[in-house]
Every structure is written in C-alpha cells, then in structure tokens.
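Just so it is clear, the structure is predicted and the values come from calculations on it, not from any experiment. Reminder, nothing fancy here: chain letters follow the sequence lines and each chain counts from 1.
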Amino acid sequence: MEKPHGPPLSRGRHGWSAGALHVLGETPTAMNVFSHFRGEIAALVERLSAAGALPAGLDTSRVTVEPPRDPAHGDLATNAAMVLAKAAGKPPRAIADAIATELRKHPSIEAAEIAGPGFINLRVRADFWRERLFDVLREGLAYGDSGLGKSEAVNVEYVSTNPTGLLHVGHARGSVFGDVLASLLAKAGYKVAREYYVNDAGKQVEALRDSFIGRLKQQCGEPIPDSAFGTIYQYPGEEIADAARAALAADGARWRALALAASPDAVALDAAQRFAVGYMMDRIREDLAALGVRHEVFTSERHDLVEKGKVDAALEALTGLGHIYTGVLEPPKGKTPEDWEPRPQTLFRATNFGDDVDRPLKKSDGSWTYFASDIAYHLDKFRRGFRTMIDVWGADHAGYVKRVAAAVKAVTDGAGTLDVKICQLVRFLDRGEPVKMSKRAGNVITVRDVVDRVGKDVMRLIMLTRKNDAPLDFDFAKVEEQSKDNPVFYIQYAHARCCSVFRQVREVFPNIDTKDSRLMGISLNLLTDSGELGLIKALAAWPRTVEAAAEAHEPHRLAFYLYDVAAAFHGHWNRGKDEPGLRFIVEGNEPLTLARLALVRGVQLVIASGLGVIGVTPVEEMR
RNA sequence: GCUCCCGUAGCUCAGAGGAUAGAGCAACGGUUUCCUAAACCGUGGGCCGCAGGUUCGAGUCCUGCCGGGAGCGCCA
C-alpha cells in the first residue's frame, strides 16, 4: 500500500540512540508506540551490556512494553527488568534501577518509576503524544497500516456455502468475519487472497439438479404438487423455482425439451446442473455484495479439482508419503449406529498428525469422500503459494477441524499451516424473543432479508461485537435503536459528531482553513487538557490494535477498539457541556480552535480508518 | 463414550503470561430537559466453575474434574 514515508518527527532531532534505531530496523510506517519503546529499551540494554553494567548477550526477546493496567501508573509499562533478572544474575529491582536511570535521559520520557516486583512505569512527554496526532493527519485513512505481514501470502477462505440454496442468516457471521479478517490482514501488510470454495461436485448438487428439473417440469405443465419439493425432490426452496423460471425465460425451447424428455441424457443432465449451480452462485454473490462481502477467487471443487485430476494427485502424494492404508475403523464409542458394519476402507493416517481416529477417504461406492477433495483443495492452495491458510467455518463444522489440520500438515510435509476460525451461532431475536428462522416450508430467512431490513453496516458491525468463538445475540429491536446502548449507533455518532464540528466551525470562523495540510502546520502545544491528551493516546493505540488483531486473527478487536475511541470522544465532548472552555470551537481563539480541530480530525480519521477495515460506512450525519 | 468451544459482577461480555481483574446494561444516589445531537455524574457489587501443575509472576499456558453448547464411519 502506498503511503508517505519519512521518519517520525521525533527521530533524529535529539540524537538519543539514533544509531540503535537503525540497527533494529524499525519500519518507517505509522508508529506503534509500544514496539517503538520496546526497541528503545532493547537498544538501551545493549548499551548497558557494552558498558559493563549488565552481562553481554542478554536475550531481550521476552521484553514487552504494554499499557499499564491502571492508567495512573503511567503511559507504558515494561517487564524488562523481570525477564532479564535470571540471565543477568541480578535482582529485578537492581536491573530496573539501571534501566530506569537511563530511560530518564530519553528525550521523550518524562518519568520512569519502578513498581511492584520490578515493573518500570514510564510517562511519556506530552510533545511526543502531540506528534502522534501529526502521524494520524499525515497518514490519513492509511494510519495504522503496518509492515507486520512483510507481504507474506495468506489465503483466507470464507462463506463457501453449498450452491444448493440461498445464503441464509446463519452464514452472515462467517461471511463478515472472513471478509473483515482479510481486510485486516491486508492492512497489517499481508498479501491476502479472498477465496470461496464451491462444493459443486457431490450428491447435493445432483439433488439440486433434480429439484431444478422438477421445477422445470412443474412450470412446463406437468402435474407436480409443491409438496413434492422437500420430499420426492430434495430441495423445497422457492429460489429453485426462480432458477427454472430464469432458465425458461432465457431459452424456453431448450429447457422445455429437457423437462419433458422421458430420460434426459448425461449431457442434458450436466447442462441442467451447471445452470442450477450457476444460478445459485449468482444469487449468492448478489447477496454477498449486498452485505459488502467480496471474494477474488472462486475455486470449484468439480472444475478446478476433480476434473483436473487434483484429488487423485493429492491422494497419490499422500500415499507416496506413506500416510494412507486400508483398514477397519472401530465403531464410534457410546452410540453405535444401527447399520454399523465393520468394513475395510481407504484411510488417512490422521492419528499421526494429531487427530483422534484415522479418516476414510473413499465411500463404499468407490468415489472420494468430501474429506478427500478437501485435502486436495488445501494442497492446491499450498501449491499456489499459500503457506498460511485460514478457513472460516460455522460451528457445525467444528468437529472437522482436527482432521483437516492434520491433512494439511501431512500433505504439505509440515510446511503449510491451517488456522480454522469457528464462528459460533447467532441467535436472532426481537425484543428478546427468538425469531423464527423459517418463513414457510423450505424458505429460510436469508442474509438478504436481514440486510434489507437493518442495512449492511449494522449487520457487519454487530457480527464483530463478540469474539468469533462465543455465541452472539442479534436483537433486531436493539440494533436499530438510536441510543448509546447500540454500539453501531455509538461509533457512527462519534464520527458524525466530528463531521459536525467541521461544519459548525464555519459559523464562528467563516474563513478558517481546516484542510489537513493547514492543520499539520500548526502548533499543538495548546492541547494540554488530560481529556485531549487521553484522546491522542487512544488514537495512538490504533497501529498496535491492528497488529495485535491481525496476529491473533481476531477482527472483533477492531470493533471493541473503535467503541473505546468513541467512548473517549463522547466523554470529552460531554465535559464540554459543563465546561464551555473545553469545547472544540472556542470563539475568539482561532489558534486553540485549530489545535482542537486537529484532534477532532484525528478522531474522525481513525474511526473512518477502522470502519473502513470493518466495511462500515462512516456516516457524516445521524438521521 | 469421544472430540471441540464456552464458563469472569445480578445480566451481556472485554481482557496481548504481568501490578489492586475491566466495560456496558441492570440496581442504587444525584444532576439535567440544556442545544455542542439522542442525556450526564457518582456508588455498590468478584474464592475469574473446582483442584493440581509450569512460571519470578496465571483469568490467560498444561493436566484432571464439574457445568453448558456443538459435533461424532461412507452426507456436505
């Protein structure tokens, strides 16, 4: 991603450890304050070693710099003294003393205090924080972009619902989660591929085809009752009737001939299947677009794997590695199915790679199992250059994680890693009452239904208000409420308030120039209030939040962060109600107003930047 | 029976191996009907399910239990 480079403003002006920073190779992207000072402290430890105050060759990899739990302790806390104590052969507090003494000489450090078992609490000078606000203004929406990923290729696969019906609400969470995770990783400097796996090879798509043909027959006048769909024909969904209508509208003669044929040949059947799958995928893509979810790669199980022989090839590879054998599985313990019979099967030695039992690769009719194509699919991703793969699945697939992770390990010979993110169920409620998920027989509530009702912004943000592996409540009454209890409203409102300040300032200062270029040229020394500095500190936490969320594959952290920033902003705004001197627009004092506008602009940019990753529109006005 | 996920304030949940564990709601007590936009300020509330272990340090990592949810040969 293109962004203006150039070192942070504090660099080089003072000369403290200027050389050491280069040794550490810190990237000149927007500063992650915490990793910045981690680097400073690591360099300092080296200098103390060189001077003989500490032993040489200390390992500083476990040194962390974090926000202290209690803000009263300062801006930053480091555990350096404690993690170095053992190797240095000195008590933590002695090391802390040495480090703190040096840190007090640092031009950006106002105070360094030793606390508890050997923490060093740092207070950073206000000037340093004010310069971080310039970082925000300079980088704009790109603030928070990170080089963390070092352009490493990562494949994120999400949604991947079967093309046998529409995208129902149950798929919304994984869709949003995957989409935002992909955006987040891109912001953190990874090269991301957004992928959808189309399961168009199994019996289910044949059943779709047959239901589609049934609908064709019905629409061509054959006496097939609606009750046949869901019984004789597997899929009852109205969308399959839509598909039939679309087919007849496009080429009536051709599809009528197929519908009325006594026994269609294989070519005709295949054409019907392709049409039905194509139609469903179009509808799914439309609904995903309405939700703002996009993919770059659609991999077809049938066309890209099976027909290209990649399933056979993958299984041959596994065989070559010695991970496949023929054997008989034990029945599942505790609950043996009625029709259980011991039978020799083609098995993958999953137990060698952390799974609990070996897994079958062939069905009794000799065809590959779904698991077999999944192995081929992940090998295919790996061969396309993705060592890191992330799959986003629904809770109902949780039991499948171990075997696929085992297969990835086996088939890539340990070189590929798979992280499966499981999204727990969403309970859709209205005023606390569960919402029925089926409208009438065979017609479930779709993602589109909900997006049409509440909008994509609400849908997306709410889906990130919980950790992926915790269940989530989606209450229609609550998410549409305009109050501070609604996180969507609360965050949007903070952004809208920022916009409102810029609109209103013209009434007081008709000719004021509030362009970023102007704001970057002013002095921020007038920002002295604790609320103002607190807001800047909140903004300065954005790069760290992006990096941490990306590393953990946890996009929900962005939503929580934005809520915190909004809370800090609303809190400061509210203080201005009682103390007019704290308001952003100060009549008769343009320099102060400009400094505060810079702060408002920073809040606006960071919220817009964060909402951008989440895929939510930052609104300029509440309505 | 086995596997995975969850268990943190009355409720819904945050919590990146660090200090005296946080937020919102609810409860309680006050303020305000202002116009800078949909309220604001404050208070109380906790064996972080239980028991061990690793660690200088565990809500966080490991093991075992207890409780809740999901899944469990060839479907996808």
Side-chain angles (χ1 to χ4, degrees), chain A residues 34 62 64 66-70 73 77-79 82-83 85-86 91-92 115-119 121 160-162 164 199 201-205 207 301 328-337 339-343 345-347 355-371 373-374 394-403 420 422 424-425 465-473 481-487 489-490 493 496-497 500-501 504 544-545 547-549 551-552 554 556-557 560 563-564 567 570-571 573-578 580 582-585 621-622:
Chain A
F34 300 88
R62 286 170 59 226
T64 60
E66 306 177 311
R69 198 159 258 191
D70 184 348
H73 291 151
T78 180
N79 63 356
M82 289 178 289
V83 299
K86 198 176 255 183
F119 286 100
N121 291 324
S160 298
T161 61
N162 294 337
T164 53
N199 292 125
K203 280 191 183 135
Q204 293 198 352
V205 283
E301 180 186 8
V328 179
L329 284 178
E330 298 283 312
K333 284 182 182 135
K335 192 190 79 175
T336 308
D339 57 349
W340 173 269
E341 280 172 30
R343 191 179 52 247
Q345 298 183 97
T346 305
L347 297 172
D355 201 357
D356 312 298
V357 287
D358 292 339
R359 303 292 179 175
L361 297 167
K362 274 189 180 176
K363 301 186 225 169
S364 49
D365 67 2
S367 62
W368 294 117
T369 60
Y370 179 83
F371 179 48
S373 359
D374 237 358
D396 51 339
H397 287 66
Y400 209 71
V401 174
K402 271 194 181 181
R403 81 186 66 173
V420 179
I422 295 293
Q424 282 298 331
L425 299 177
T465 53
R466 290 283 173 274
K467 225 174 4 193
N468 62 289
D469 47 16
L472 165 68
D473 284 352
E481 188 176 285
Q482 301 237 318
S483 82
K484 81 182 284 284
D485 304 340
N486 176 357
F489 172 82
Y490 196 63
Y493 184 29
R497 265 184 164 165
S500 155
V501 171
Q504 287 176 11
R544 177 178 193 257
T545 302
E547 290 181 355
E551 271 185 320
E554 290 185 353
H556 76 278
R557 294 189 193 191
F560 282 90
Y563 185 87
D564 285 346
H570 289 310
W573 180 289
N574 287 330
R575 285 178 64 211
K577 289 186 173 180
D578 294 335
L582 286 177
R583 296 181 181 190
F584 296 115
I585 301 168
E621 248 178 308
M622 303 307 290

Trainee: To check you understand the geometry: which heavy-atom pair defines the closest contact between A:Val328 and A:Leu347, and what is its length?
Mentor: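 Heavy-atom minimum between the residues: N-CD1, 4.4 Å.
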Trainee: Both distances below 3.5 Å, Watson-Crick or wobble geometry, any strand: find the nucleotide opposite B:U32.
Mentor: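 Pairing partner, where one exists within any strand: none, as none qualifies.
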Trainee: Across the strands shown, which category fits A:Arg359 at heavy-atom distances under 4.0 angstrom: base, sugar-phosphate, nothing?
Mentor: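 Nothing: the residue A:Arg359, judged by heavy atoms under 4.0 Å, touches no strand.
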Trainee: Answer with base, sugar-phosphate or nothing: what part of the nucleic acid does A:Ala567 contact at a heavy-atom distance below 4.0 Å?
Mentor: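 It contacts nothing in the nucleic acid.
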Trainee: Say we look at B:A21 and B:C47: how far apart would their P atoms be, to the nearest angstrom?
Mentor: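 Nearest-Å result for B:A21 against B:C47 at atom P: 13 Å.
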Trainee: Check every strand shown and say whether A:Glu551 touches a base, only sugar-phosphate, or nothing at a heavy-atom separation below 4.0 Å.
Mentor: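 Answer is nothing: A:Glu551 stays at 4.0 Å or more from every strand.
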Trainee: For the P atoms, the ones on B:C6 and on B:G15, what distance do you get once it is rounded to whole angstrom?
Mentor: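 These two P atoms come out 11 Å apart once rounded.
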Trainee: With respect to the side chain of A:Lys86, which nucleotide from B:G15, B:C56, B:A19 is positioned closest?
Mentor: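 Side chain of A:Lys86 sits closest to B:C56.
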Trainee: Does the side-chain ring of A:His73 lie flat on the base of B:A19, meaning centres under 5.5 Å and planes less than 30 degrees apart?
Mentor: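 Yes, aromatic ring over the base.
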Trainee: With both distances kept under 3.5 Å, what pairs with B:C61, Watson-Crick or G-U wobble?
Mentor: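 B:G53 - that is the nucleotide pairing with B:C61, both distances being under 3.5 Å.
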Trainee: Whole angstroms only, please: what is the CE-P distance between A:Met82 and B:A58?
Mentor: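 These atoms are roughly 12 Å apart.
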Trainee: If you look at every strand shown and take non-hydrogen atoms under 4.0 Å, does A:Phe489 touch a base, only sugar-phosphate, or nothing?
Mentor: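 Counting heavy atoms under 4.0 Å across all strands, the contact made by A:Phe489 is with sugar-phosphate only.
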Trainee: Hey, does A:Gln482 reach any base, or is it just sugar-phosphate, or nothing, if we go heavy atoms under 4.0 Å?
Mentor: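 Here A:Gln482 touches the bases of the nucleic acid.
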Trainee: Let's see if you can work this out: which of B:A14, B:A16, B:A76 has an atom nearest to the side-chain heavy atoms of A:Tyr400?
Mentor: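 Nearest listed nucleotide: B:A76.
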Trainee: Could you check whether A:Lys362 gets within reach of a base, just the sugar-phosphate, or nothing at all, counting any heavy atom under 4.0 Å?
Mentor: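 The answer is nothing, as A:Lys362 stays clear of every strand by at least 4.0 Å.
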Trainee: From B:A38, B:C56, B:A16, pick the nucleotide closest to the side chain of A:Ala548?
Mentor: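 In terms of side-chain proximity for A:Ala548, the closest of B:A38, B:C56, B:A16 is B:A16.
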Trainee: On a plain distance test, is the side chain of A:Asp70 in donor-acceptor contact with the base of B:A19 below 3.5 Å?
Mentor: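 Not at all, since no donor on one side and acceptor on the other fall under 3.5 Å apart.
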Trainee: Distance check needed: B:U12 C1' versus A:His556 NE2, whole Å only.
Mentor: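 Rounded to whole Å, this separation is 15 Å.
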Trainee: Nearest whole Å is fine: how far is B:G73 P from A:Asp356 CG?
Mentor: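 For the pair A:Asp356 CG and B:G73 P, the rounded distance is 13 Å.
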Trainee: Return the value, rounded to whole Å, for the distance between atom CZ of A:Arg466 and atom P of B:U8.
Mentor: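 Roughly 13 Å, once rounded to whole Å.
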Trainee: In Watson-Crick or G-U wobble terms, both distances under 3.5 Å, what is the partner of B:C48?
Mentor: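 None - no nucleotide pairs with B:C48, as no candidate has both distances under 3.5 Å.
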Trainee: Students often mix this up, so state it plainly: with edges at 30° and 60°, are the rings of A:Tyr370 and A:Tyr400 parallel, tilted or perpendicular?
Mentor: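 Tilted, since the angle between the ring planes falls between 30° and 60°.
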Trainee: Identify the heavy atoms of A:Ala398 and A:Ile422 that sit nearest to each other, and give their distance.
Mentor: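 Closest approach of A:Ala398 to A:Ile422, heavy atoms only: CA-CD1, 3.8 Å.
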Trainee: Please determine, for the side chain of A:Tyr563, which listed nucleotide (B:G24, B:C74, B:A76) has the closest atom?
Mentor: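 Looking only at heavy atoms from C-beta outward on A:Tyr563, the closest nucleotide is B:G24.
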Trainee: Which heavy atom in A:Pro487 sits nearest to a heavy atom in A:Thr465, and how many Å separate them?
Mentor: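 Between these two residues, the closest heavy atoms are CG-CG2, 4.0 Å.
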Trainee: Taking the side chain of A:Phe584 as its heavy atoms from C-beta onward, which of B:C74, B:U55, B:U36 lies nearest to it?
Mentor: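 It is B:U36.
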Trainee: Given that both distances must come in under 3.5 Å, which nucleotide forms a Watson-Crick or G-U wobble pair with B:C13?
Mentor: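 Because both required distances fall under 3.5 Å, B:C13 counts as paired with B:G22.
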Trainee: Tell which nucleotide pairs with B:C72, taking only Watson-Crick or G-U wobble pairs whose two distances are both under 3.5 angstrom.
Mentor: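 With both distances under 3.5 Å, B:C72 matches B:G1.
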Trainee: Choosing from B:C56, B:A76, B:A19, which nucleotide comes nearest the side chain of A:Val83?
Mentor: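 Minimum distance to the A:Val83 side chain belongs to B:C56.
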Trainee: Between A:Arg466 and A:His556, what is the shortest heavy-atom contact and its length?
Mentor: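 Looking at all heavy atoms of both residues, the shortest contact is O-CB, 3.5 Å.
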Trainee: Kindly say if A:Arg497 contacts the phosphate of B:A38, meaning a side-chain N or O under 4.0 Å from OP1 or OP2.
Mentor: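 Checking B:A38 against A:Arg497, a side-chain N or O does come within under 4.0 Å of OP1 or OP2.
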Trainee: Could you tell me if A:Lys362 sits above the aromatic ring of A:Trp368, with its cationic atom closer than 6.0 Å to the ring centre and no more than 45 degrees from the axis?
Mentor: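 Here A:Lys362 passes the 6.0 Å and 45° test against A:Trp368.
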Trainee: When you compare B:A76 with B:C66, how far apart are their C1' atoms, in angstrom units rounded to a whole number?
Mentor: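 Rounded to whole Å, the distance is 35 Å.
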Trainee: How long is the line joining CD of A:Glu554 and C1' of B:G15, in whole Å?
Mentor: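 It works out to 11 Å between those atoms.
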Trainee: Taking CG from A:Asp578 and C1' from B:U32, how many angstroms apart are they, rounded to a whole number?
Mentor: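 Computing the A:Asp578:CG to B:U32:C1' distance gives 9 Å.
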Trainee: Say whether A:Glu301 and A:Ser373, considering side chains only, have a donor N or O and an acceptor N or O under 3.5 Å apart.
Mentor: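 The answer is yes; a qualifying pair exists.
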Trainee: Identify whether NZ of Lys or CZ of Arg in A:Arg544 sits under 6.0 Å from the centre of the six-membered ring of A:Phe34 and within 45° of that ring's axis.
Mentor: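 That pair qualifies as a cation-pi contact.
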Trainee: Take atom C1' in B:C50 and the same atom in B:G44, then report the distance between them in whole Å.
Mentor: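 That atom pair is separated by 28 Å.
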Trainee: Between B:C4 and A:Lys402, is there an OP1 or OP2 to side-chain N/O distance shorter than 4.0 Å?
Mentor: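 Looking at the OP1 and OP2 atoms of B:C4, one of them is under 4.0 Å from a side-chain N or O of A:Lys402.
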Trainee: Does A:Val357 reach a base, just sugar-phosphate, or nothing at all? Heavy atoms under 4.0 Å.
Mentor: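 The answer is nothing, as A:Val357 stays clear of every strand by at least 4.0 Å.
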Trainee: With both distances kept under 3.5 Å, what pairs with B:U43, Watson-Crick or G-U wobble?
Mentor: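 With both distances under 3.5 Å, B:U43 matches B:A27.
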Trainee: Categorize A:Ser364 for me: base, sugar-phosphate, or nothing, with a 4.0 angstrom heavy-atom threshold over every strand shown.
Mentor: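 Touches a base.
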Trainee: For atom C1', what is the distance between B:U54 and B:G64, given to the nearest Å?
Mentor: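 Rounded to whole Å, the distance is 15 Å.
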Trainee: Taking only the P atom of each, what is the distance from B:G68 to B:U8 in whole angstrom?
Mentor: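 That atom pair is separated by 14 Å.
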Trainee: Given the P atoms of B:C48 and B:C56, what is the spacing between them in whole Å?
Mentor: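 To the nearest whole Å, 24 Å.
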Trainee: To the nearest Å, give me how far apart CG (A:Asp396) and C1' (B:C75) are.
Mentor: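 These atoms are roughly 13 Å apart.
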Trainee: Would you indicate what A:Tyr370 reaches in the nucleic acid, counting non-hydrogen atoms under 4.0 angstrom: base, sugar-phosphate, or nothing?
Mentor: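 Base, at least one base heavy atom under 4.0 Å.
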Trainee: Could you state the CG-P distance from A:Asp469 to B:G7, rounded to the nearest angstrom?
Mentor: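 Spelled out: CG on A:Asp469 to P on B:G7 is 8 Å.
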Trainee: Tell me what A:Ala85 touches on the nucleic acid: a base, only sugar-phosphate, or nothing, going by heavy atoms under 4.0 Å.
Mentor: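 Since no nucleic acid heavy atom lies under 4.0 Å of A:Ala85, the category is nothing.
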Trainee: Is it the case that the side chain of A:Asp365 and the backbone of A:Ser367 share a donor-acceptor pair, with hydrogens and angles ignored and the cut-off at 3.5 Å?
Mentor: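 It does hold such a pair.
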Trainee: For A:Met622 and for A:Arg62, find the nucleotide of RNA chain B with the closest heavy atom, then tell me which residue's nucleotide is more 5'.
Mentor: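 Counting from the 5' end, the first nearest nucleotide belongs to A:Met622.
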Trainee: State which of B:C74, B:C13, B:A38 makes the closest approach to the side chain of A:Phe560.
Mentor: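 My answer, after comparing the listed nucleotides, is B:C13.
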Trainee: Report the residue (A:Tyr490 or A:Pro68) whose heavy-atom-nearest nucleotide on RNA chain B is the more 5′ of the two.
Mentor: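 The answer here is A:Pro68.
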